[in-house]
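Worksheet: the structure to be examined is printed underneath.
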Amino acid sequence: MKIIKRFIMIFAILAMLPMGVFAKEKVNVYLFKREGCGFCANALTFFNSLGEDEEYKDYFNLVTKEVLNNKVNSELMEKTAKKLGVSLSGVPFIVIGATHFEGYANTFDDQIKAAIKNAYEKESEDIVASITEKKDTSATTIVILIAVVAGVAFLIYMAKDTQSNEVIEESKEEIVEEKVSPKKKTQPKKTASKTTTKKTTTKASSTKKTKKK
């Protein structure tokens, strides 16, 4: 019974692990901008205020990418635009999942909010991350496999340990029982030896008288 309870507890812990690993994450909102760009500054102000909104603050993370004098960010913006099939004319360039916005104006606000919420609920592919990081799902798989193997090994160890403890307990109980009620020593039965008395029959020797001729 103890083993079954331990199994249930450990499997419950293992079942919770994938939930934590695959929990829904915030959406990354990428803002490619350039220093001195007024439209970029307005977009940044909008996203900062949206990040304080009770409804949307848990939906997204703002990731800014300065492209001025930054070759890495500039090339990333070009690769992202190419993957999205966009011919860029300037900044700001906003990417939310697989949705993008060229430039910024106040009229974009509702569309941007809808794109953030839609990407969060549907867990849309992160285009920029797929280019930069190429999210390695094998790392997650390895973590899960290690956890499962460790759990199975622990189960086997606990089962063996429990069995050995049960054997020890049973041995202790037997010793206690022997001390309380010791077994009676059975003495070997004595086999009565039959003594056979041989009767000696005395034959009377008849002395034959020899007649003298």
Side-chain angles (χ1 to χ4, degrees), residues 11-149 151:
F11 277 123
I13 294 170
L14 292 175
M16 290 173 66
L17 180 65
M19 291 176 64
V21 172
F22 297 111
K24 187 178 285 189
E25 298 178 353
K26 289 183 178 181
V27 174
N28 288 327
V29 174
Y30 297 92
L31 172 60
F32 293 92
K33 66 184 187 64
R34 177 177 56 80
E35 188 178 350
C37 168
F39 294 105
C40 299
N42 291 339
L44 185 60
T45 300
F46 166 70
F47 283 118
N48 286 334
S49 64
L50 191 63
E52 296 175 357
D53 186 275
E54 289 297 324
E55 182 181 358
Y56 287 91
K57 67 180 182 179
D58 295 328
Y59 289 165
F60 76 99
N61 293 315
L62 179 63
V63 182
T64 59
K65 299 285 185 181
E66 176 62 48
V67 297
L68 183 64
N69 299 324
N70 190 316
K71 187 178 180 181
V72 174
N73 289 343
S74 180
E75 288 179 353
L76 177 61
M77 182 176 69
E78 290 176 4
K79 288 179 181 178
T80 304
K82 185 177 180 180
K83 189 166 184 177
L84 292 169
V86 177
S87 180
L88 282 177
S89 57
V91 288
F93 180 50
I94 301 166
V95 181
I96 305 168
T99 305
H100 70 279
F101 297 87
E102 298 177 65
Y104 173 76
N106 292 336
T107 54
F108 291 177
D109 290 357
D110 289 339
Q111 297 176 47
I112 291 172
K113 287 180 181 179
I116 291 172
K117 198 169 184 179
N118 184 61
Y120 177 80
E121 290 175 349
K122 294 184 178 180
E123 299 182 359
S124 299
E125 181 188 2
D126 191 327
I127 297 296
V128 178
S130 67
I131 296 171
T132 55
E133 301 170 2
K134 293 189 180 295
K135 291 183 178 179
D136 189 5
T137 55
S138 62
T140 303
T141 306
I142 291 170
V143 171
I144 295 173
L145 286 174
I146 290 172
V148 171
V149 170

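No hydrogens, no waters, no symmetry mates; every other heavy atom, side chains included, goes into these values.
Atoms OG1 and CD1, from T107 and I112 in turn, are 9.0 Å apart once rounded to the nearest 0.5 Å. With rounding to the nearest 0.5 angstrom, the CG atom of N42 is 12.0 Å from the CZ atom of F108. Considering CZ of R34 and CG of N69, their distance stands at 10.5 Å, rounded to 0.5 Å. Of the inter-residue distances, the one linking I96 atom CD1 with F60 atom CZ reads 8.5 Å to the nearest 0.5 angstrom. Summarising the geometry, atom OG1 belonging to T64 is positioned 11.5 Å from atom OH belonging to Y30; distances are rounded to the nearest 0.5 Å. Atom CD1 of I131 and atom OG1 of T80 lie 3.5 Å apart (nearest 0.5 Å).
In F39, the CZ atom is not crowded: 12 or fewer heavy atoms of neighbouring residues, nucleotides or ligands sit closer than 6.0 Å. Within 6.0 Å of the NZ atom in K26, the count of heavy atoms belonging to other residues, nucleotides or ligands exceeds 12.
Minimum heavy-atom separation, L84 to F93: CD1-CZ, 4.2 Å. Nearest heavy atoms, C37 versus P92: SG-CD, 4.2 Å. When all heavy atoms of I94 and G103 are compared, the pair lying nearest together is CD1-O, 4.1 Å. Here the closest non-hydrogen pair linking K57 and G51 is CB-O, 3.0 Å. For G97 against I127, the heavy-atom pair with the smallest separation is O-CG1, 3.1 Å. The nearest pair of heavy atoms linking S87 to E102 is O-OE1, 3.7 Å.
A donor-acceptor pair under 3.5 Å is absent between the side-chain atoms of E35 and the main chain of E66, judged by distance alone. Remark: the backbone N or O of K71 is not paired with any side-chain donor or acceptor of S74 at under 3.5 angstrom.
Checked against side-chain hydrogen bond (donor to acceptor under 3.5 Å, both in side chains), D109 has the following partners two or more places apart in sequence or in another chain: Y104.
Here the side chains of V91 and V67 are in contact, with some heavy-atom distance below 4.5 Å. Side-chain contact between Y120 and D58 is absent, with no heavy-atom pair separated by less than 4.5 Å. Put simply, the side chain of Y59 does not reach to within 4.5 Å of the side chain of L50, judged on heavy atoms. N118 has its side chain out of reach of T99: every pair of non-hydrogen atoms, C-beta onward, lies at least 4.5 Å apart.
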